[in-house]
2 protein chains.
Amino acid sequence: MPQSSAPRKTLGRPPRISREEVVTTARRIVDAEGVDRLTMRRLATEIGSTPMALYHHVRNKEELLVLLLDDYATRTLHRPELPAQPRERIVAAAATIHEALAACPWIVEVLTADDLMAPSALWFVEQIVDGLVECGLSPERAVHGYRAIWYYTAGEIVVRVTAAQRRTDDDRPTYRERVFADLDPSELPRLAQVADQWSPLTAEDTYLDGLRALVDGLLAPC
Amino acid sequence: MPQSSAPRKTLGRPPRISREEVVTTARRIVDAEGVDRLTMRRLATEIGSTPMALYHHVRNKEELLVLLLDDYATRTLHRPELPAQPRERIVAAAATIHEALAACPWIVEVLTADDLMAPSALWFVEQIVDGLVECGLSPERAVHGYRAIWYYTAGEIVVRVTAAQRRTDDDRPTYRERVFADLDPSELPRLAQVADQWSPLTAEDTYLDGLRALVDGLLAPC
DNA sequence: ACCTGAACACCGTTCAAGT
DNA sequence: ACCTGAACACCGTTCAAGT
């Protein structure tokens with residue numbers, strides 16, 4: 001793996017671009033034009049080099065995206081004052097992660113990578129796991145609880161972001177709208193009842209309500 | 001939009017391929033080799049035609065994927081006997097959807113499309129919304145409750161499927177493993193404590209536990 | 001109405017060679 | 001050690017023409 005931070009022991013051609021420059025330039029492209037426009041070729045021309053030069057600094061495009069997420073997390077995920085009460089601490093930590101992710105929609109491509117295991121996010125994971133343990137869960141159940149919170153959080157981001165993308169793409173009625181339009185009220189009475197409110201209702205941001213419900217449910221046996 | 005099912009009013013060149021044939025062939029490719037291998041060109045050669053012929057039967061690749069999800073849902077999502085008790089009915093309906101999605105990992109590409117609004121899935125959505133209303137939630141809160149369940153379900157699928165993909169891709173230590181390996185126990189004591197159990201713990205299928213916690217939490221105020 | 005051929009405007013990545 | 005040029009093996013989609 002290329003290590004631009006390691007001391008140079010052997011002499012060779014001096015590097016013209018650094019891993020950091022690659023990541024910074026990639027960030028600029030993504031911020032300005034969206035993640036779809038980030039290609040190795042585009043990045044190379046932007047940086048004044050060739051596609052292949054990049055491969056000396058990142059293993060491949062996927063690694064570049066993970067580095068980008070790390071970079072983003074390090075820059076924006078500052079540790080807030082969290083409530084002392086453990087239940088509220090869990091909610092606040094999850095909400096902070098959620099807020100940071102929601103503000104950078106391109107993340108969806110990378111989000112699903114592993115966990116959100118950017119080093120700067122680990123502190124929040126710690127707070128959540130610790131809060132669950134303090135509330136009486138075993139370490140094992142606390143990890144499972146964190147995962148449930150993570151599934152819920154990642155799902156909310158993925159669903160909301162991609163729905164938003166589709167809305168701007170074109171203005172024909174969405175597939176969902178067509179399906180709701182010819183709904184049989186005798187077969188699906190509840191859905192028919194809420195059909196015309198569905199869009200505004202699902203557009204509301206209810207992340208926090210659902211999060212509280214989930215945390216309450218996870219802590220209920222205690 | 002092409003309507004192969006509509007009666008042919010004007011005479012013209014008789015169609016050689018149908019929308020149904022396109023979808024069926026696409027399904028065969030996806031089942032056999034994964035969604036990555038489904039390209040318009042590959043599909044065209046498989047069907048014995050040219051890429052452009054496909055565009056007379058589907059608007060574009062995205063529509064093809066939505067049709068594929070519908071097709072899959074129609075074939076596999078059969079209505080089970082659901083428990084009469086509303087809380088258990090909600091859990092069972094969500095679990096059935098989850099099971100169907102988990103069995104077809106290529107879904108992740110499409111999942112995020114809108115809601116899971118395949119017509120054959122609507123019955124399950126109805127059961128969930130109805131169960132929540134029967135438990136005392138207002139229709140509005142019931143829709144929000146369904147959304148929370150959907151976020152959790154979609155998130156679980158997305159995270160698990162992509163984690164599995166990455167595992168098979170290569171056998172180097174994952175990014176997560178590297179991050180966990182050099183964890184500072186004085187800074188992140190809980191994570192350090194569970195570090196070596198993290199992989200097995202997160203590999204466990206705890207979807208149902210989290211789902212029950214979420215549903216309990218949603219119904220708690222009642 | 002439906003299909004074809006050729007082209008447009010791209011991708012990520014590898015290989016072999018240069019400095 | 002780092003970078004370049006050229007190539008490989010692809011993409012989705014459009015356009016203009018054929019039947």
Side-chain angles (χ1 to χ4, degrees), chain A residues 1-23 25-26 29-30 33-68 106 109-110 165-166 169-170, chain B residues 1-22 25-26 29-30 33-68 106 109-110 113 165-166 169-170:
Chain A
M1 181 161 52
Q3 287 286 4
S4 47
S5 56
R8 306 180 53 72
K9 297 199 172 180
T10 49
L11 288 168
R13 185 168 175 168
R16 285 236 268 255
I17 58 178
S18 65
R19 177 189 266 236
E20 203 197 323
E21 192 183 355
V22 171
V23 173
T25 310
I29 295 172
V30 166
E33 307 181 38
V35 75
D36 289 348
R37 302 289 276 274
L38 178 65
T39 69
M40 299 302 267
R41 287 157 192 269
R42 169 74 197 282
L43 179 53
T45 59
E46 196 87 355
I47 220 170
S49 185
T50 64
M52 260 319 289
L54 304 176
Y55 287 85
H56 281 273
H57 302 276
V58 298
R59 188 187 298 270
N60 50 30
K61 192 177 179 181
E62 192 188 302
E63 186 181 74
L64 174 62
L65 287 170
V66 172
L67 289 173
L68 217 47
W106 57 269
E109 313 277 297
V110 204
Q165 274 168 2
R166 240 147 278 249
D169 270 8
D170 63 75
Chain B
M1 180 159 48
Q3 287 285 8
S4 47
S5 56
R8 305 181 55 72
K9 298 199 172 179
T10 50
L11 288 169
R13 184 170 175 164
R16 287 235 267 255
I17 58 178
S18 65
R19 179 190 265 237
E20 203 198 325
E21 191 183 355
V22 171
T25 311
I29 295 173
V30 167
E33 307 181 37
V35 75
D36 289 348
R37 302 289 275 276
L38 177 66
T39 69
M40 299 303 267
R41 287 155 192 271
R42 170 73 197 283
L43 179 53
T45 58
E46 198 85 356
I47 220 170
S49 185
T50 64
M52 260 318 289
L54 304 176
Y55 286 86
H56 281 272
H57 301 275
V58 298
R59 189 189 295 272
N60 50 32
K61 192 177 178 181
E62 191 188 304
E63 187 181 72
L64 174 62
L65 288 171
V66 172
L67 289 174
L68 217 47
W106 57 269
E109 312 278 297
V110 203
Q165 274 169 3
R166 240 147 278 253
D169 270 8
D170 63 75

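First the proteins, then the strands, lettered A, B, ... as listed; each starts at 1.
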Could you give the distance separating C/dC10 and D/dA9 at their P atoms, to the nearest angstrom?
22 Å
Using OP1 and OP2 only, check whether a side-chain N or O of A/His56 sits under 4.0 Å from D/dT4.
no
Please examine the side chains of A/Leu65 and A/Leu38, heavy atoms only from C-beta on, and report whether any two atoms are closer than 4.5 Å.
yes
D/dC3 phosphate, OP1 or OP2, under 4.0 Å from A/His57 side-chain N/O
yes
Any B/Arg42 side-chain nitrogen or oxygen under 4.0 Å from OP1 or OP2 of D/dC11:
no
Any A/Arg59 side-chain nitrogen or oxygen under 4.0 Å from OP1 or OP2 of C/dT13
no
Answer yes or no: does a side-chain N or O of B/Ser49 lie under 4.0 Å from OP1 or OP2 of C/dT4?
yes
Heavy-atom check, side chain of B/Arg42 versus side chain of B/Glu33, under 4.5 Å
yes
Between B/Met52 and A/Arg41, which is nearer to the 5' end of DNA chain D once each is assigned its nearest nucleotide?
A/Arg41
By nearest-heavy-atom nucleotide on DNA chain C, the more 5' of A/Arg37 and B/Ile17 is B/Ile17
OP1, OP2 of D/dG5 versus side-chain N and O of A/Thr50: anything below 4.0 Å?
no
Side chain to side chain, A/Ile17 and A/His56, heavy atoms closer than 4.5 Å:
no
Is the shortest side-chain heavy-atom distance between A/Met40 and A/Leu64 below 4.5 Å?
yes
